[in-house]
Amino acid sequence: MAIPLDYVARETASNLWRNRVMALAGIAIVAVSLALVGTALVLRQSVARQIVALGDNVNVQIFVQASASGGELSAIRMLIHQTPQIKSCGYLDHQQSYQRMRSLFADEPTVAGVLTPATTPPVFECDLINPNDAPVVKSVFVGVPGVFSVSYPQAAVRSWQRLANIAQTICLVMAIVLLVCSLVLILNAIRMAIFSRRREIGVMKLVGATNWFIRVPFMLEGLVQGLLGSMVAVLFVLLANLGVHSLLGSSGMTSQVQPGSSTLLSPSNLPAGQLFTTEAIILVIGLIVGVAGSSVAVRRFLDV
Amino acid sequence: MIRFEDVTKTYKGSSITALRDVNVDIERGEFVFLVGSSGSGKTTLLKLLLREELADSGSIWVAGRDIGKLSKWRVPELRRNLGCVFQDFRLLPNKTVTENVAFALEVIGRPKNQIRAQVPQVLDLVGLGQKGERFPDELSGGEQQRVAVARAFVNRPLVLLADEPTGNLDPATSIGIMKLLDRINRTGTTVVMATHDVGIVDAMRRRVIELDRGHVVRDQARGVYGYGDDLPSSSRGVPAVAIGSSWSGEDSGEESLSAGRVAAVRARRGAR
């Protein structure tokens, strides 16, 4: 038997309106928990992307003192050739390094303004045979006359990744706790709706309404709560994705990680596909929580 | 129409047998009073008919079907054939009279045009044609019970079950309700009514089934309330003669009822 849509819509809407405070609480908790799920997913994906990008061109950067003499420079060159872990090296002189820095700090005129070709350190960018040897290579070059500093961007990324992992775990644990809470809240909201409608339900049973006819408005009520909550979360993730990335993009993290690369941690990523998947996951979880909460309530408290 | 075969029922957690070896056969179109003191099993019998409860043993037949063997999802189908009226009316206070009656059709998925056609008809039948927009708390007890009867009858059930329908009403109002049930009975609907109302039973002189502690102790055609009391006593309840005379000469009512029924059948055909 078909259940008339207008009947179901009317009943669901009036149930929600009668219990609007409870419903709102349910929706809010669903939204918060799913926002956390979304944050965890976005973190995970963006870190994964960084690792991939990093693996493509691992290098150690050896910054030479701007004032280094030609002798010191060739000694460093010599040392590079003698270091077995280094596969190959590129060299950016004052001018090239300056150009790179300028483009990197184009957004920050105060930094770009103090830079001059003469004060910008030239840099050797080296690919390693094994990226894990970066700390060894660094120890070889630290303290060598004329070397200003040695960095390996991996380190920055690794620590960033650790941080992200912790954040992700915290987000997920909190999300799970909150999802359970939201399930209970929805369950309770439906229970109250059932309770406040017990007269109607009694009459419906008496005149021979089918079980599904009685249940569907309550099930739908849970579904709507889950859906509304997840829609708020979807919106949050959409905005946060833009916000977080533009924040990271201008924080200087970029230069530490990978000078000259605009693909890492820059604003405008995640790509649309991944973002869409994340949002879809959020929506589905929201719907599942809503339906699960109301199903349990209907089964336990609606004795038909 | 209704048959109880050796039906026994004991409620869980109770040592008392609510019904024991009950054998009752009710024909289509009969009007039957169930009498007996409180706890004698009248309500249990009605609950078994509605399949709100299941019998421990024996079988119950309604309209040719063993309802004990009905699967759970077919119970609504059974209940659509049984109209129900209670002592406490069980109307929905936030719905108008019309909405209360329409609700019974709405929730079994009847189409709107059929609801629009049938509801005013049945309200006319119970004499509330002018009060469709009132809310239950704006009506007298008798009028509320009329609404309840309208709701029970609007789907044209085969059987109307009434559990002390006059229990909350004064004698004069009760007469009105009984007239209504009688009218409904005369359309061919079987009526089973549990009652304590001596005056009504004695005046109507219909079949009486008396229960005592779960046993059928009397099954009497054209019976009275009291055991072995053949004479309707005018000292108890409403004077029998008064009711009797008020029931006779109701032909015009019956005519309008059957006209209503024809119209209802037409409406149903039209809906298909």
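In what follows, chains carry the letters A, B, and so on, assigned in the order in which the sequence lines appear, proteins first and then strands, with residues in each chain numbered from 1.
Within 6.0 Å of atom CZ in A/R300, 12 or fewer heavy atoms from other residues, nucleotides or ligands are found, so the atom counts as exposed in its surroundings. The number of heavy-atom neighbours closer than 6.0 Å to CZ of A/F195, taken from other residues, nucleotides and ligands shown, is 12 or below. Heavy-atom neighbours of A/R299 CZ from other residues, nucleotides or ligands within 6.0 Å: at or below the threshold of 12.
The salt bridge (Lys or Arg N to Asp or Glu O under 4.0 Å) test applied to B/E164 returns no partner, not counting sequence neighbours.
Here the rule is side chain to side chain contact (heavy atoms under 4.5 Å, CB included) with A/V207, and of B/N155, B/L105, B/V154, B/V107 only B/V107 fits it.
Of all non-hydrogen atoms in B/R79 and A/K205, the two that sit nearest each other are CD-O, 3.2 Å. Here the shortest heavy-atom pairing between A/G208 and B/P76 reads O-CB, 3.4 Å.
Chosen from B/A152, B/A104, B/G83, the residue pairing most often with chain A at heavy-atom distances under 4.5 Å is B/A104.
The OH atom of A/Y7 sits 5.0 Å away from the CZ atom of B/F103 when rounded to the nearest 0.5 Å. Distance check, rounded to the nearest 0.5 Å: CZ of B/R151 to CG of A/L206 gives 7.0 Å.
Using a 4.5 Å cut-off between heavy atoms, B/E106 touches chain A through backbone and side chain atoms alike.
At a heavy-atom separation below 4.5 angstrom, chain A is approached by B/L91, B/L92, B/P93, B/N94 within residues 91-98 of chain B. Contacts with chain B (heavy atom to heavy atom, under 4.5 Å) involve no residue of residues 181-189 of chain A.
Residue pairs meeting the side chain to side chain donor-acceptor pair (under 3.5 Å) criterion with at least one member in residues 26-35 of chain B, sequence neighbours excluded, are B/E30-B/R207.
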